[in-house]
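Residue numbers start from 1 in every chain, and the chains themselves are labelled A, B, ... in the order their sequence lines are given, proteins ahead of strands. It should be emphasised that the depicted structure is a prediction, and the values quoted were computed from it without experimental measurement.
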Protein chains: 2
Amino acid sequence: MNKTPIWKSIALSLTSDIAEGRYQTGDRLPTEAQLAATHGVNRHTVRRALSDMADQGLVHSRRGAGVFVATRPTEYPIGKRVRYHKSISASGKMPGKKILALTTRAADEAEADALGLETGDTVHVYDGLSLADGQPIGLFQSVFPAKRFPDILQILTETQSVTKALQRCDVPDYTRISTRLTARAATATQALHLHLSEGAPVLFSIGINADPEGNPVEYGRTTFAGERVTLTLNED
Amino acid sequence: MNKTPIWKSIALSLTSDIAEGRYQTGDRLPTEAQLAATHGVNRHTVRRALSDMADQGLVHSRRGAGVFVATRPTEYPIGKRVRYHKSISASGKMPGKKILALTTRAADEAEADALGLETGDTVHVYDGLSLADGQPIGLFQSVFPAKRFPDILQILTETQSVTKALQRCDVPDYTRISTRLTARAATATQALHLHLSEGAPVLFSIGINADPEGNPVEYGRTTFAGERVTLTLNED
DNA sequence: GTCTATGATTTGTATAGTTGTATAGGATAA
DNA sequence: TTATCCTATACAACTATACAAATCATAGAC
């Protein structure tokens, strides 16, 4: 793993503050003591960062007065922009999809609980990969109750779209009744599928979709590539 | 004939010291050198024991400072609509906030855009740490337009709560009009604050809150410890 | 109004202590 | 053999504390 010294991370943070205009040339930075408190470190560690920035000519300090912004960084590494914004409500409507597996098996406890089944009831499972511009952005698994949707796997081979498949199963519309989100580290297999390195941050989402009557129809788990995806939650 | 490694017995001894309350949460343990001397072993052997205890979440060490008894690890859900305070105390945990910094500075492009200001307009900034049972779960930054809320920093020193501070600024209620979420790797300073190791997955959230008239009042950025936080989105 | 004294604030410097990491090597058991 | 456990040494990174030196704001004297 990367072992960035803390002072370097602080220097980078302050440099970006200057680069993005939060502190402008001539402005006084917060005092060393304040910066130390903000970053949760000792004052000397802040001084190490400021010293580095002073060497680069970004800031200059005057004893008793403070630290002032000298110039804006000429060359600041702009973070890779996140390219794909995906709305959480538009789960099944992604541009590209690749079917990885279509299986029928017994439901585990979490799945049964979410779908209102008994543990061991059979479910149809759709494993797939979401793509955008040919790049993998999400690894998903959709679980459907087999009893209610006996032919859904067959239909999915034709449409690949969960929304359309459910429509052809007499579920014209569905809504998300529950979502849980957390950040995790990519496992080896996830990394492989999503073209990430193992341990890279991924966004893990668990959601339950239900028909207009409130009966759960799909239990979905998705792992998004953190580097390439931003979820936008739109409240109407 | 003792088959158990020395480090394991040291770890056990220290663990029972903690269990019996000889060292309480937050207390600093004796230095590695002292522990090595009292146990009559090399410092590295002590480190092996401490490393094992750290893996179990019993202790937490800070370079240069010492080894401290860790607060017990727990998981906390957070609602999207529900205010932080409410959702945490509903799960039976003691919520808390720690002010890291209160600053006034120029708005960068993103902040100005979100709050409907011009780049360079002054904003008030609240940097803080969200805690639950003393355990850090999120690192946040709230940005307010200085023109509309000239005294908000003063108020925040008293309440620490964004909701209450806005209430005292004649914003009785506000709603989230935009949320963006992604997974990232913790930087060195974030890791320090959140008691994670560098590169650990964190959940990064950018949100805009607006008053009932739709005028943006707060631009917030939060970094959640992925290990300890699950966001649950309750769509009504 | 201007000058000056004073005290608080802020940066600069010094010293010592503590944890993190790297390297090397000996002892013991599978 | 190989792996694990433990020792030994050295240095880097960070913390803690204290004090000195420069700056600034303010009050009081003139």
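- Remark: side-chain polar atoms of B/D27 are paired, donor with acceptor, to backbone N or O of B/Q24 under 3.5 angstrom.
- Not counting sequence neighbours, B/E218 has no partner by the salt bridge (Lys or Arg N to Asp or Glu O under 4.0 Å) test.
- Residues passing the salt bridge (Lys or Arg N to Asp or Glu O under 4.0 Å) test with A/R105 are A/E111, sequence neighbours excluded.
- In this structure, CZ of B/R48 is placed 18 Å from C1' of D/dA8, rounded to the nearest angstrom.
- Counting only residues at least two apart or in different chains, ring pair (Phe, Tyr, Trp, His ring centres under 6.0 Å) contacts with residues 103-130 of chain B comprise B/Y126-B/F140.
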Name the atoms and distances for all side-chain donor-acceptor pairs under 3.5 Å in residues 49-59 of chain A, with sequence neighbours left out.
| from | atom 1 | to | atom 2 | distance (Å) |
| --- | --- | --- | --- | --- |
| A/D52 | OD2 | A/Q56 | NE2 | 3.1 |

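- Under the rule for a side chain to side chain donor-acceptor pair (under 3.5 Å), the partners of A/T189 that lie at least two apart in sequence or sit in another chain are A/T187.
- In terms of modelled atom types and a separation under 3.5 Å, the side chain of B/T182 and the main chain of A/V229 share a donor-acceptor contact.
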Detail all sub-3.5 Å separations between protein N/O atoms and N/O atoms belonging to nucleotides 2-4 of chain D.
none

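- In terms of the salt bridge (Lys or Arg N to Asp or Glu O under 4.0 Å) criterion, B/R28 has no residue partners (sequence neighbours excluded).
- Qualifying side chain to side chain donor-acceptor pair (under 3.5 Å) partners for B/R22, counting only residues two or more places apart in sequence or in other chains: none.
- Ring orientation note: the planes of B/H195 and B/H60 are close to parallel, at an angle under 30° on the 30°/60° scale.
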query: What does nucleotides 15-23 of chain C look like as a protein-contact string, B for base, S for sugar-phosphate only, - for none, at under 4.0 angstrom between heavy atoms?
result: --BBBBBB-
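- Rounding to whole angstrom units, CG of residue B/N42 and P of C/dA24 are separated by 17 Å.
- Here A/W7 reaches the OP1 or OP2 of D/dC14: one of its side-chain N or O atoms lies under 4.0 Å away.
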Could I get a table of every N or O pair under 3.5 Å where one atom is in the protein and the other is in nucleotides 3-8 of chain C?
none

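- Fit an axis to the five pairs at each end of the helix from C/dG1-D/dC30 to C/dA30-D/dT1 and the two axes sit 20° apart, to the nearest 10 degrees.
- Atom CG of A/L50 and atom P of D/dC14 are 14 Å apart (whole Å).
- As rounded to whole Å, 15 Å separates atom P of C/dA27 from atom CD1 of B/I6.
- For residues 58-69 of chain A, there are no salt bridge (Lys or Arg N to Asp or Glu O under 4.0 Å) pairs, not counting sequence neighbours.
- For the atom pair OH of B/Y174 and CG of B/N209, the computed distance is 5.5 Å after rounding to the nearest 0.5 Å.
- Between the side chain of A/R228 and the backbone N or O of A/P136, at least one donor-acceptor pair lies under 3.5 Å.
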